[in-house]
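Each remark here refers to the structure printed beneath this line.
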Protein chains: 2
Amino acid sequence: MEDSVDRHLARWRGKAPYDELVEGVVTRMQMLVKHLHQTKAAALAEVGMQDFEFETLHRLMAHSGGATPSVLAAELLLSPAGMTGRLDTLERSGLIRRVRSTDDRRRVDVELTDRGRELWTEAMQIRAEVESEMISALSLEDRVTLDGLLKQLLHNVESPH
Amino acid sequence: MEDSVDRHLARWRGKAPYDELVEGVVTRMQMLVKHLHQTKAAALAEVGMQDFEFETLHRLMAHSGGATPSVLAAELLLSPAGMTGRLDTLERSGLIRRVRSTDDRRRVDVELTDRGRELWTEAMQIRAEVESEMISALSLEDRVTLDGLLKQLLHNVESPH
DNA sequence: GGATAGTATTTCGCTGGCGAATGATTCGTC
DNA sequence: GACGAATCATTCGCCAGCGAAATACTATCC
């Protein structure tokens, strides 16, 4: 079995001081994520939604439909400025609502509108299909293994140092 | 051991029809790639280079320093328009050179300049460090396993249907 | 051999995201 | 209890990428 990264690495062999394994893992992850992004974008377009919109609604739902911009930004690995931009778009589309917090008036609470909840539900189906399709190549056991390894990596990256 | 995705999934448990394993794998990959992107961007900035520049130079090197825009675009999962933009930037910075092909004059050959080769070499060090740092959490054996699993996924996604 | 279809690249207008600076509010400390 | 530092969100100017249309060239077909 061969993928495009194999071909890429083969072209490289011997030409540079180069850890093929590291490069392989990294490049494959990047391409998978990029593929996923593009496939989901195409699928979600049918409901008239963009990936970043779903991503945001989804995080909001995880917070029971309400959270502050800074929390969302941190979780989505987004700059504060980028978050504001997203929320602007979502608000204009009527999917979220901004409410100035009463106890700490620096804060803004972001809430899902009914329409936002609806759209999220629709998108869930579509997205789940696309993601499952990608993972379908692996047995249940392999999925667990993969998940575990990725978790080690992410933990390492997230823990201070 | 716990990562941010664990916490995210925990918040979700029972609230939605939801394959935790699929979501876990997908989300972790996305976050790792995003992290990598940000870390590399920060590291490469020291040489005054951006990630997309390196990515392009690197592909070019893999083609022994010369390739056409369309080939590069395909390999980098980029639109033709996006590729043109990248090449414009790289050309302005003096890292690549465009040469109209003589036999088929619709074609353009993209070549690395000496400066491009130099900068690529510098960047290779930096990038390798960042990537290795990320992978360092895994034993050699685990790396092989991870790489194999990712390869299965990518192969599945790339093979027609 | 001239119209037609096809291919490679570029141009154009638009969008999401970033970094830095700004405005608004709260906290800490003396 | 007031002043300076920290915190939260937004605005601004900029940039890389996309989709669609335009441009430039080649191949095909009658």
Side-chain angles (χ1 to χ4, degrees), chain A residues 30-31 33-35 37-42 44-45 48-57 59 66-93 95-111, chain B residues 30-31 33-35 37-46 48-57 59 66-93 95-111:
Chain A
Q30 285 173 333
M31 297 196 74
V33 168
K34 207 158 185 174
H35 248 295
H37 221 267
Q38 293 178 347
T39 314
K40 278 195 290 203
L44 283 178
M49 207 186 328
Q50 285 170 277
D51 187 59
F52 78 93
E53 295 178 309
F54 174 81
E55 200 191 11
T56 315
L57 295 188
R59 281 282 158 171
T68 67
S70 17
V71 168
L72 290 174
E75 291 183 0
L76 296 169
L77 296 183
L78 224 59
S79 73
M83 198 66 233
T84 299
R86 278 198 184 187
L87 295 176
D88 286 348
T89 308
L90 291 174
E91 195 163 35
R92 248 180 273 121
S93 319
L95 303 181
I96 62 131
R97 184 176 28 238
R98 279 192 252 226
V99 188
R100 205 100 216 172
S101 165
T102 48
D103 47 329
D104 184 343
R105 289 177 45 231
R106 288 171 307 183
R107 282 206 166 75
V108 169
D109 273 319
V110 182
E111 297 172 357
Chain B
Q30 286 173 331
M31 297 196 74
V33 167
K34 209 158 183 175
H35 248 295
H37 219 269
Q38 293 178 347
T39 314
K40 278 194 291 205
L44 283 178
E46 290 169 24
M49 208 185 329
Q50 286 170 277
D51 187 58
F52 79 93
E53 295 177 309
F54 175 82
E55 198 190 13
T56 315
L57 296 187
R59 280 283 159 173
T68 67
S70 15
V71 168
L72 291 173
E75 291 184 0
L76 296 169
L77 297 183
L78 224 58
S79 74
M83 198 65 234
T84 300
R86 279 198 184 187
L87 296 177
D88 287 348
T89 307
L90 290 174
E91 196 163 34
R92 250 180 272 121
S93 320
L95 303 181
I96 62 131
R97 184 176 28 239
R98 281 193 251 225
V99 187
R100 205 101 215 171
S101 164
T102 49
D103 48 328
D104 183 342
R105 290 177 45 233
R106 288 171 305 183
R107 282 203 167 78
V108 169
D109 274 318
V110 182
E111 297 171 359

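No experiment lies behind these values; they were computed from the predicted model shown. Every chain is numbered from 1, with letters handed out A, B, ... down the list of sequences.
- A:Ser93 pairs by the side-chain contact (heavy atoms from CB on, under 4.5 Å) definition with A:Glu53, A:Thr89, A:Leu95, not counting sequence neighbours.
- No donor-acceptor distance shorter than 3.5 angstrom exists from the side chain of A:Glu55 to the backbone of A:Leu76, with no hydrogens or angles considered.
- Side-chain contact between B:Thr56 and B:Gln50 is absent, with no heavy-atom pair separated by less than 4.5 Å.
- Protein chain B contacts DNA chain C over a range whose 5' and 3' limits, counting nucleotides with an atom under 4.0 angstrom from a non-hydrogen atom, are C:dG6 to C:dT11.
- Atom NE2 of B:His35 is surrounded by more than 12 heavy atoms from other residues, nucleotides or ligands within 6.0 Å.
- Mapping A:Asp109 and A:Lys34 onto DNA chain D via the closest heavy atom, the residue that lands nearer the 5' end is A:Asp109.
- Here CG of A:Asp51 is found 7.0 Å from CD of B:Gln30. Values are rounded to the nearest 0.5 Å.
- Applying the side-chain contact (heavy atoms from CB on, under 4.5 Å) criterion to A:Arg97, with sequence neighbours excluded, gives A:Val99, A:Glu111, A:Thr113.
- Following rounding to the nearest Å, A:Arg92 (CZ) and D:dT10 (C1') show an atom-to-atom distance of 13 Å.
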Summary of protein contacts for nucleotides 22-29 of chain D, nucleotide by nucleotide, where a base hit scores B, a sugar-phosphate-only hit scores S (4.0 Å, heavy atoms): ---BS---
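- If you take CG of B:Leu87 and C1' of D:dA16, they are 13 Å apart, rounded to a whole angstrom.
- Among residues two or more places apart in sequence or in another chain, the salt bridge (Lys or Arg N to Asp or Glu O under 4.0 Å) test is passed with B:Asp104 by B:Arg106, B:Arg107.
- Regarding B:Leu72, its CG atom lies at a distance of 16 Å from the C1' atom of D:dG17, rounded to whole Å.
- In this structure a side-chain-to-backbone donor-acceptor pair under 3.5 Å is present from A:Arg100 to A:Arg105.
- In this structure, CE in A:Met83 is found 10.0 Å from CD in A:Glu75, a value given to the nearest 0.5 Å.
- Listed by residue number, the members of residues 75-86 of chain A with any heavy atom below 4.0 angstrom from DNA chain D are A:Pro80, A:Ala81, A:Thr84.
- Going from atom CG of A:Asp51 over to atom P of D:dC18 covers 14 Å, rounded to whole Å.
- Listed here is the closest heavy atom pair of A:Leu77 and B:Lys34: O-CE, 3.5 Å.
- In this structure, B:Asp109 and B:Thr68 approach most closely via the heavy-atom pair OD1-CG2, 3.7 Å.
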